[in-house]
Amino acid sequence: MIRRSGCSLPLVFVLTIFFIDPVSAAQSFPGQPAAYVQNEILVKFRPAADESDKVVAHHNAGGKRAKVFKHVKGLERIKLPPGLSVKDAIEFYQQNPEVLYAEPNYIVKTTAKAAATVAATPSDPSFGSLWGLHNTGQSGGTADVDIDAPEAWNITTGSSNVVVVVIDTGIDYNHQDLAANMFRNTADCNNNGFDDDGNGHTDDCFGIDTIHDDTNPMDDHSHGTHVAGTIGAVGNNKIGVVGVNWTVRLMPCRFIDASGSGTNADAIACLEYVKEMKDSGINIVATSNSWGDNQFSQAMLDAINVQRQNGILFIAAAGNGNIFGVGQNNDITPFYPCNYSLPNIICVASTNRKDARSSFSNYGRRTVHIGAPGSDILSTTPGNTYTTSSGTSMATPHVTGVAALLKAQDPTRDWKAIKNLILTGGDTKSAMANTITGKRLNANGALTCTNSVVLTRLIPVPTTINASPGTPVDLAALHIKCANANGNVSVSVSPGNQTVILVDNGLGSDQEAGDGIYSGQWIPSAPGDYTLTFPGNDKVTVKVANPAISVTPSSLDFGNVAVGSSSDKNFTVQNSGGGVLTGNATTNPPYSIVAGGSYSLNGGQSQTVIVRFTPSSVGTFGGTVSFSGAEGTSKTVTGSGSGVSSITPNPMDLASAPSNFTITGGGFANLGYGLPVVNFYTSSTSTTVIAQARATSMTSDGTSLTVPYPTDA
């Protein structure tokens, strides 16, 4: 092959029928988010997958490992080669039977509102500006609308043995009001270029930065430093402000950049570091997470679940509403990581100085746990400055700070007791009626809790749900008394006069024993409308009906595809009945399912299933795609396609291109639109057609085409 300008141009020919539209990215990737890293994905392999299987999978896709996560077993961050889209890469990896899931590396953002700077170095009297800690009615507030911090400080002001991790934009660890409360990994605080403690990080004195994969978590944004100041600005030092804890140890992990954005992969890397430090003996009680997005990530859920298994609370912001800054119902519009159904998460809404829910704050009767001060919060910012900011970002560290106080008060407390004391020790407020507890945080109430009970439904989230006969319906309720779980929960079912007992034993659908979340399942036996009654006369209507399955189109013709190449087509599977249709789409080579292969559809709902035809040899191939569901019945549709065996000449000399190509295969036909048209691409992964040419002749048996070299390329 002749090279020109130092590069060669491979030509890949894909034969398409001219009038058929290509599948758009939106069709191929339902619910595609706007914010994810364009040249990366996250892939999780099955636990039993061999290393050789993983290497082959990456080689075939052209992907390169950027990171192998240690504690979310099988999870890898993959860099994609130029020209391979995130959508195509996910579909490619999902074909591999050793892959559990592949997903975009989503971008999350901080949950702070606009900020306003005040005096650079206020003196101790700035405590008077911290209405969330002690509200005297200053600046138009309502007296005693606060977390009763001074009362709590009569019991404890914190402990230098307690560590909380701020997973955020980093912390200005030199700040005059934070430096004395910064965590120090003393073995690696010598800047000698060695990993003295053997944890895989060199000179990680304060923490790490997963954006740049280094050990300098200095804040270049301000958000993380502001969060840190609310948790633990040094108390009683005659400088600036005071945190919920006068004394604590703050460990930063920086994964959000100066623009306020970070990726799930970098956040997961922070969680892995947290686990490693906890395993090394560091007394980490909680992480503070004032960030999020509307995109579900199985990888993030897995990583937070590892934190649960290591006894670490994950305290998260509820989110700051829609694009207009108006708070949304997380029960309906999920915000993650707040909405992950894991028992070690506390999700926090924001309140203002009059004990109303902040207008921007999200809420959720079954998904947001508690409110805390989040409007007009003064705290530390980089360079020995102080700033007032608002957001659920500011509410979250108030809760994290109380978690640290509770651990300081009683070092034997585990995450379950700390979480439950926070939830039961709050003040009941009408503005928080649309939260799980109905409460606003109270530090003193958490430290002195006696006989406070919370009993409320968690699952199902809606008050009306669909179900199918024989399919279990998950049920869960929170039942706690101060620090402790408070006994089994009974749910009655009518008609039928059944009773379902929810238990807290860590078995079956119950995730954690002794955490105060009681779980169970009800299995409907026949169609009909049922009422589930939880304690407090809290009723859920369950509409039980037999699902029915419909699939369109009834068959697909993939046309002619080059051997070794592929073509994708869309099916739509719909639950045309009631209840819930749960099932899978399956097929056999040369057909494969690349997206949407599993579905759980309420009555009337539908889902796109993408099927790929990849001929490995010449000929015409029939096949079927089976859609399971509807009480064991299935719907089978047929597909057909023809494989193209060869292109001659190939390769070719661009300096003296041939006048014609010969393409051999099978199933070529004139369908009334003229002979087939050949599209020319620059590579096998390209989606841009650089030229087209219509065949000038075709053999009578449809097995060979003569195609002229395009003159416009």
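Everything numeric in this text was worked out from a predicted model, so none of it was measured.
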[Y] side chain reached by [X] side chain, heavy atoms, under 4.5 Å:
{"X": "Ser452", "Y": "Lys481", "result": "no"}
{"X": "Cys270", "Y": "Asp266", "result": "no"}
{"X": "Pro252", "Y": "Phe183", "result": "no"}
{"X": "Trp291", "Y": "Pro337", "result": "yes"}
{"X": "Val348", "Y": "His369", "result": "no"}
{"X": "Asn537", "Y": "Thr533", "result": "yes"}
{"X": "His398", "Y": "Leu133", "result": "yes"}
{"X": "Lys278", "Y": "Gln307", "result": "no"}

Can you tell me how far [atom2] of [Y] sits from [atom1] of [X], rounded to the nearest 0.5 angstrom?
{"X": "Leu130", "Y": "Gln138", "atom1": "CG", "atom2": "CD", "answer": "8.5 Å"}
{"X": "Ile171", "Y": "Phe206", "atom1": "CD1", "atom2": "CZ", "answer": "10.0 Å"}
{"X": "Ile436", "Y": "Leu423", "atom1": "CD1", "atom2": "CG", "answer": "7.5 Å"}
{"X": "Leu478", "Y": "Ser519", "atom1": "CG", "atom2": "OG", "answer": "10.5 Å"}
{"X": "Thr435", "Y": "Asn330", "atom1": "OG1", "atom2": "CG", "answer": "11.5 Å"}
{"X": "Ile239", "Y": "Gln176", "atom1": "CD1", "atom2": "CD", "answer": "5.0 Å"}

For [X] and [Y], test the side chains for any donor-to-acceptor distance below 3.5 angstrom and give the result as yes or no.
{"X": "Asp177", "Y": "Thr380", "answer": "no"}
{"X": "Asp204", "Y": "Thr215", "answer": "no"}
{"X": "Thr381", "Y": "Thr387", "answer": "yes"}
{"X": "Asn264", "Y": "Asn105", "answer": "no"}
{"X": "Tyr173", "Y": "Asn216", "answer": "yes"}
{"X": "Glu103", "Y": "Ser297", "answer": "yes"}
{"X": "Thr169", "Y": "Asp219", "answer": "yes"}
{"X": "Asn283", "Y": "Asn161", "answer": "no"}
{"X": "Thr225", "Y": "His175", "answer": "no"}

Inspect the contact between [Y] and [X] and indicate whether a charged nitrogen and a carboxylate oxygen are less than 4.0 angstrom apart.
{"X": "Asp427", "Y": "Lys439", "value": "no"}
{"X": "Asp331", "Y": "Arg365", "value": "no"}
{"X": "Arg254", "Y": "Asp168", "value": "no"}

**Report entry** Parallel, tilted or perpendicular: rings of His134 and Phe127 (30°, 60°)
**Finding:**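 Plane angle under 30°, so parallel.
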
Report task. Identify which one of Val165, Ile315, Leu313 satisfies the side-chain contact (heavy atoms from CB on, under 4.5 Å) criterion when paired with Thr287. Result ->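 By the side-chain contact (heavy atoms from CB on, under 4.5 Å) criterion, Thr287 pairs with just one of Val165, Ile315, Leu313: Val165.
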
Is there a donor-acceptor pair closer than 3.5 Å between any side-chain N or O of [X] and the backbone N or O of [Y]?
{"X": "Asp504", "Y": "Asp510", "value": "no"}
{"X": "Thr385", "Y": "Pro382", "value": "yes"}
{"X": "Glu151", "Y": "Ile147", "value": "no"}
{"X": "Asn362", "Y": "Gly327", "value": "no"}
{"X": "Thr156", "Y": "Ala152", "value": "no"}
{"X": "Lys407", "Y": "Arg413", "value": "yes"}
{"X": "Asp410", "Y": "Thr412", "value": "yes"}
{"X": "Ser361", "Y": "Ser358", "value": "no"}
{"X": "Trp131", "Y": "Ser375", "value": "yes"}
{"X": "Asp148", "Y": "Asn444", "value": "no"}

If every non-hydrogen atom of [X] is compared with every non-hydrogen atom of [Y], which pair is closest and at what distance?
{"X": "Val164", "Y": "Ala404", "answer": "CG1-CB, 4.0 Å"}
{"X": "Ser341", "Y": "Ile459", "answer": "OG-CD1, 4.0 Å"}
{"X": "Val244", "Y": "Trp153", "answer": "O-NE1, 2.9 Å"}
{"X": "Leu42", "Y": "Ala265", "answer": "CD2-CB, 3.8 Å"}
{"X": "Pro343", "Y": "Lys419", "answer": "O-NZ, 2.6 Å"}
{"X": "Ile231", "Y": "Gly401", "answer": "CG2-CA, 4.1 Å"}

Report task. For the pair Arg366 and Asp538, evaluate salt bridge (Lys or Arg N to Asp or Glu O under 4.0 Å) and give the outcome as yes or no after the intermediate values. Result -> CA-CA 12 Å; Arg366 312 296 168 189; Asp538 178 14; 3.5 Å; yes

Requested in this report: Could you walk me through whether Asp376 and Thr388 pass the side-chain hydrogen bond (donor to acceptor under 3.5 Å, both in side chains) test, one step at a time?
Outcome: CA-CA 6 Å; Asp376 305 318; Thr388 297; over 6 Å; no

Report task. Begin with the C-alpha distance, continue with both residues' side-chain angles, and end with the deciding distance and a verdict on side-chain contact (heavy atoms from CB on, under 4.5 Å) for Tyr340 and Ile345. Result -> CA-CA 8 Å; Tyr340 293 124; Ile345 291 178; 3.8 Å; yes

Query raised in the report: Can Val540 and Phe534 be said to form a side-chain contact (heavy atoms from CB on, under 4.5 Å), step by step?
Result: CA-CA 8 Å; Val540 175; Phe534 286 74; 4.2 Å; yes

Requested in this report: Evaluate the criterion ring pair (Phe, Tyr, Trp, His ring centres under 6.0 Å) for residue pair Tyr106 and Tyr336; output intermediate values, then yes/no.
Outcome: CA-CA 11 Å; Tyr106 292 116; Tyr336 300 103; 9.5 Å; no

Query raised in the report: side-chain contact (heavy atoms from CB on, under 4.5 Å) between Phe335 and Thr367: does it pass, once the steps are laid out?
Result: CA-CA 10 Å; Phe335 184 81; Thr367 53; over 6 Å; no

Report task. Report the C-alpha distance between Arg440 and Asp355 in whole Å, list the side-chain angles of each, state the deciding distance to 0.1 Å, and finish with yes or no for salt bridge (Lys or Arg N to Asp or Glu O under 4.0 Å). Result -> CA-CA 8 Å; Arg440 187 253 302 131; Asp355 245 353; 3.0 Å; yes

Report task. Take Phe296 and Leu301 through the test side-chain contact (heavy atoms from CB on, under 4.5 Å) and record every step on the way to the result. Result -> CA-CA 8 Å; Phe296 175 88; Leu301 187 152; 3.9 Å; yes

Query raised in the report: Got more than 12 heavy atoms from elsewhere within 6.0 Å of CG, Asp213?
Result: no

